[in-house]
Novice: 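Could you have a look at this structure, given as structure tokens, before my questions?
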Amino acid sequence: MSIVRVALDVPLPRLFDYRAEDPAGDWVGRLVRVPFGSGEKLGLILQVLDQSDQPPEKLRPIHSLLTELPPLPADWIALCEFCARYYQHPLGEVSSFALPPLLRRGKLPKRRLARPQPGRGDQEASPPLTTEQQVALMAIGQTRGFEAFLLHGVTGSGKTEVYLRAIEAVLAQGCQALMLVPEIALTPQLEGRVAARFPDAHIVSAHSGVADAARARGFLEAFEGQADIVLGTRLSVFMPLPRLGLIVVDEEHDASFKQQDGLRYSARDVAIFRAKQRDVPILLGSATPSLETFHHARTGRYRLLTLTLRAVAAAMPDVRIVDTRREKLQDGMSQALIAALELRLARGEQSLIFLNRRGYAPVLACTACGWISHCRRCAANLVVHLADRRLRCHHCGLETGIPQACPDCGNLDIHPFGRGTQRLEVALQERFPEARVLRVDRDSASSPKKWQALLAQIHAGEADILVGTQMLAKGHDFPKLTLVGVVGADAALFAADFRAPERLFAQLMQVGGRSGRALLPGEVLIQSEYPDHPLYQALADHDYSRFASQQLHEREQAGFPPFAHQALLRAEAPSVDQSLAFLAAARVEALKLAGEAVMLYDPVPMRMVRRMSLERAQLLVESASRPALQAFLATWSQLLYELKTPRELRWHLDVDPQEL
DNA sequence: AGCACGCCGACT
DNA sequence: GTCGGCGTGCTC
Ligand SMILES: [Zn+2]
Ligand SMILES: [Zn+2]
């Protein structure tokens, strides 16, 4: 009698053994139906063994083997095992997550006919390369096996062209390429561009918007080697790719590569593991690399390839910091910005005002008693959405109507305070009645369809002034756009999070890059009360390296990443005392095993304590040594599972957390 | 996380 | 008497 060791989608940090009659040699990697408790579950066979460490009477026989699907390859299983180990997550949950939902339930997609993919016509001509692009491609082409490259190049310097050429080269060798892009960048336009460039390649798109059947089909096409290119969001880092030859991570600094719930993985970091594991090169591209990546490039762990020039015939935009200390702003805008807008309107060019705050105003307040609109489920204000006359919580979705009078004192004099995109839109429309003002944020672009419609409208030149959040910052080329105004950026300058400046710089650099891409020179006006701040000065000089060096210096002084490695234990419960009590108990356990290499902080309530009626707290763990942190987390998390906790308390570990 | 079992309150 | 509330314990 043999034993199979199975990974099951349950939140338990262990595998489960079952009896099996006569397992064949190819059982490892297959899906299997097994009895579990009172029901049945689908699991993944990880090992076939002679005996179990469980007492024989506990062992139950498997129900059935899923033979429709070939066994998942060993390297795919190893990838899941790495994620389980690194992110301290149950292996069964990882492998389940790595499968498309349909396969997770043991179903296969209906028709698996080879889609009429290849042969879409003529290949789109590739533009000529700049010397810098040639140098980069030469370096990439010369590697044999694993090597990580950081392709650092400003917007318009032709990073995408380098990706496409590098992909072309691996396809020519009969290999597959995996290209990861941020959620917001995976648009029909990008898919179209890749498809036009590789008319004979079989391209699979993978993101959460793809329907279940199509996603499963894409997975199988990648798995069976029919797919040549997988283009997708962070999910697609888990695609099995037997002929993998290259991984590309575009906008590698983008926050959407880190999953913020469940398995809290960073697709960029998992991609690096994968490239190493499969011994293939990986290309990380960005105009504003994450400081982690930039640090690795500086210290020689990654190879730095730089594109300094705009490949398109256009100069860098002129970036000016507008000092707003001495000036009375009009609707949040300076004279300089208003004049610049007028100029663009007169010339028939487009302008964009970037304000990273949606809604009409961040809060509604009573001038008599001090009441403010707050969410009863969260420690947050309800945001005024005047466009649909609602108050809305941006954290839990709670909605109410806008009260006519103060709910506390009955005062009729209640006002929206502060400014969001809706208010700016209204103000601009009043100031420039003849201009076509278009707001682009998550509210106006609530579905992919509406988003595409807005983009089409912008491209057709049917808008003069765009008001938008970071949605507008990424990946879209607006040829008629020559002015970018930035409003209200200072708030992020002094945020509590040590990564806030890094994010702000990246965001402003990116949104600034929207202006003047084609033949018209661009201008960027950033309004600030701290015009001399080094972050703005570096932006004005287009000097990412100077900013990054200064930030890295500060991080080193403070002992922050990338000079330290962090993990966060978070807890949430109906009361913050419960959360803190759990963390205190966890800390006691940790003290028993933490050596000097691992630093344990005190449990503290989270910056926004209450969210969706749960009160949250966290405990930071830090070490200069990654292996020391990993070893500590492995034992600690085992102890945490054994800790007795109230039913209503939930906890998780976040390795390499993005926000503290 | 599910899902069973189990032991006390109020309803036909 | 029993229907059902959710506390606690287990899942190979
Ligand atoms: Zn009041
Ligand atoms: Zn809320």
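In the text below, chain A, chain B and the rest are named by the order of the sequence lines, each starting its count at 1. Given the structure is predicted, the values throughout are model-derived calculations rather than measurements. What you see below is based on every heavy atom in this structure, not just the backbone, and it leaves out hydrogens, waters and symmetry mates.
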Novice: Nearest-Å distance, NE2 (His89(A)) to C1' (dA1(B))?
Specialist: 11 Å
Novice: Determine which pairs satisfy salt bridge (Lys or Arg N to Asp or Glu O under 4.0 Å) with at least one residue from residues 45-65 of chain A, sequence neighbours left out, and list them in order.
Specialist: Arg5(A)-Asp53(A)
Novice: Near DNA chain C, counting only heavy atoms under 4.0 Å, which residues of residues 8-21 of chain A show up?
Specialist: Leu12(A), Arg14(A), Phe16(A), Asp17(A), Tyr18(A)
Novice: Take Tyr641(A) and Trp651(A), measure what ring pair (Phe, Tyr, Trp, His ring centres under 6.0 Å) needs, and give me the verdict at the end.
Specialist: CA-CA 10 Å; Tyr641(A) 279 104; Trp651(A) 63 267; 5.2 Å; yes
Novice: What's the CG-P distance between Leu263(A) and dA1(B), to the nearest Å?
Specialist: 16 Å
Novice: Glu659(A): which residues meet the side chain to side chain donor-acceptor pair (under 3.5 Å) condition with it, sequence neighbours left out?
Specialist: none
Novice: Strictly below 4.0 Å, heavy-atom distances to any atom of DNA chain B: list the hits from residues 23-60 of chain A, or just say none.
Specialist: Ser38(A)
Novice: Which atoms of nucleotides 3-5 of chain C (N or O only) lie under 3.5 Å from a protein N or O atom, and what are those distances?
Specialist:
none

Novice: Name all residues meeting the salt bridge (charged side-chain N to carboxylate O under 4.0 Å, His left out) criterion together with Asp408(A); count only those two or more places apart in sequence or in a different chain, and write none if there are none.
Specialist: none
Novice: Take the protein atom CZ of Phe97(A) and the nucleotide atom P of dA1(B), then report the distance between them rounded to whole Å.
Specialist: 17 Å
Novice: Hydrogens and angles aside, do Gln88(A) and Ser637(A) bring a side-chain donor and acceptor to less than 3.5 Å of each other?
Specialist: yes
Novice: Would you mind listing every salt bridge (Lys or Arg N to Asp or Glu O under 4.0 Å) that reaches into residues 615-633 of chain A, with sequence neighbours excluded?
Specialist: Arg610(A)-Glu615(A), Arg626(A)-Asp656(A)
Novice: Could you pull out all residues at least two apart from Arg19(A) that satisfy side chain to side chain donor-acceptor pair (under 3.5 Å)?
Specialist: none
Novice: For Ser446(A), which residues count as a side chain to side chain donor-acceptor pair (under 3.5 Å) partner, sequence neighbours excluded?
Specialist: Lys450(A)
Novice: Using whole Å, report how far NZ of Lys644(A) lies from P of dT8(C).
Specialist: 6 Å
Novice: Run the salt bridge (charged side-chain N to carboxylate O under 4.0 Å, His left out) test against Arg105(A) and tell me which residues pass, sequence neighbours left out.
Specialist: Asp212(A)
Novice: Round to a whole Å and report the spacing from CD of Glu642(A) to P of dC10(C).
Specialist: 13 Å
Novice: Can you list the residues that meet the salt bridge (charged side-chain N to carboxylate O under 4.0 Å, His left out) rule with Asp9(A), with sequence neighbours excluded?
Specialist: none
Novice: Could I get the full list of salt bridge (charged side-chain N to carboxylate O under 4.0 Å, His left out) partners for Arg392(A), not counting sequence neighbours?
Specialist: Asp388(A), Glu399(A)
